[in-house]
Each structure stands twice: as C-alpha cells, then as structure tokens.
Amino acid sequence: MKSERKRSLSIAGHRTSISIEDAFWEALKEIAAGEGRSVSALIAEVDLERGELNLSAALRLHALAHYRERASRAAE
C-alpha cells in the first residue's frame, strides 16, 4: 500500500490540504459517486461533523463506517 499523499481542495470556500492514503481516497470517491455527489461535498459534510478530530482521520473513519455498515447489511 502506498503511503499518504497530500491533496489540496476547497471546503466551504477555503483551501485546505489533507494527507490520506490512495486506498482511502478511492473509497471516498466510490462513496460519493454512490451517493450521487462530489467528493468535495462529501468531505465538506465530514468536515462539519468531525468535531475535534483532524480531517484526515475523520475521513478515514467515515470510509470505515460506510464499509462496515455495507458489510453488516450484506450479512443480514
């Protein structure tokens, strides 16, 4: 697995950078596409809900929660 890669983007009108592994970036793109929205919109929502957690960690946890929920539904 590749190490973290820094990406720059705009969230709510301000520029920011996140460092996140390619596998998580691909997961976020897949999640956003499945929800019919942009990766930026998904990241903005996670940003609003993350509290004190840093954004990169919040994004990783969001992806993990998404796939855990999907696996749980598939097991039913």
Side-chain angles (χ1 to χ4, degrees):
M1 183 184 295
K2 287 180 87 172
S3 62
E4 293 179 351
R5 194 166 119 204
K6 193 171 219 167
R7 290 172 170 81
S8 297
L9 58 138
S10 291
I11 300 173
H14 70 277
R15 298 290 293 166
T16 192
S17 295
I18 58 170
S19 294
I20 195 164
E21 296 82 3
D22 289 340
F24 282 105
W25 186 253
E26 292 302 317
L28 293 170
K29 290 193 313 188
E30 182 179 291
I31 293 165
E35 295 174 354
R37 60 182 168 162
S38 69
V39 176
S40 292
L42 173 64
I43 292 172
E45 179 182 311
V46 171
D47 186 42
L48 286 173
E49 298 172 355
R50 69 185 168 99
E52 296 296 316
L53 196 58
N54 88 35
L55 182 55
S56 295
L59 292 169
R60 288 182 190 97
L61 291 172
H62 182 82
L64 177 62
H66 172 84
Y67 287 107
R68 279 185 168 172
E69 180 181 329
R70 200 162 103 174
S72 177
R73 283 184 298 202
E76 292 177 351

Show the numbers, then the answer: is there a side chain to side chain contact (heavy atoms under 4.5 Å, CB included) between Arg50 and Leu55? CA-CA 7 Å; Arg50 69 185 168 99; Leu55 182 55; 4.0 Å; yes

Donor-acceptor contacts under 3.5 Å from residues 64-76 side chains, at least two apart:
from	atom 1	to	atom 2	distance (Å)
Tyr67	OH	Glu30	OE2	2.6
Arg70	NH1	Glu30	OE2	3.4

In sequence, state the C-alpha distance, the side-chain angles, and the governing distance for Trp25 and Leu59, and then conclude on side chain to side chain contact (heavy atoms under 4.5 Å, CB included). CA-CA 9 Å; Trp25 186 253; Leu59 292 169; 5.9 Å; no

Determine, using the 4.5 Å side-chain heavy-atom cutoff (strictly less than), whether Leu42 and Leu9 are members of one ILVMFWY cluster. yes

Inspect the contact between Asp22 and Arg7 and indicate whether a charged nitrogen and a carboxylate oxygen are less than 4.0 angstrom apart.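 Yes, Arg7 and Asp22 are salt-bridged.
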
Can you name the residues that form a side-chain hydrogen bond (donor to acceptor under 3.5 Å, both in side chains) with Asn54, not counting sequence neighbours?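 Asn54: no side-chain hydrogen bond (donor to acceptor under 3.5 Å, both in side chains) contacts found.
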
Mind checking what makes side-chain hydrogen bond (donor to acceptor under 3.5 Å, both in side chains) contact with Ser19, not counting sequence neighbours?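 For Ser19, no residue satisfies side-chain hydrogen bond (donor to acceptor under 3.5 Å, both in side chains) once neighbours in sequence are set aside.
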
Output all residues satisfying side-chain contact (heavy atoms from CB on, under 4.5 Å) with Ala44, sequence neighbours left out; order by chain, then residue number.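 Listed in chain order: Ile11.
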
Distance in Å, Ile20 CD1 paired with Ile43 CD1, rounded so as to fall on 0.5 Å steps: 7.5 Å

Per the salt bridge (Lys or Arg N to Asp or Glu O under 4.0 Å) rule, what does the pair list look like for residues 55-66, sequence neighbours excluded? Glu4-Arg60, Glu21-Arg60

How close do Ala63 and Ile31 get, counting heavy atoms only, and between which atoms?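 Heavy-atom minimum between the residues: CA-CD1, 3.8 Å.
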
Can you give each donor-acceptor pair under 3.5 Å made by side-chain atoms of residues 32-41, sequence neighbours left out, with the distance rounded to 0.1 Å?
from	atom 1	to	atom 2	distance (Å)
Glu35	OE1	Arg37	NE	2.9
Glu35	OE1	Arg37	NH2	2.7
Arg37	NH1	Glu45	OE1	2.8
Arg37	NH2	Glu45	OE1	3.2
Ser38	OG	Ala41	N	3.0

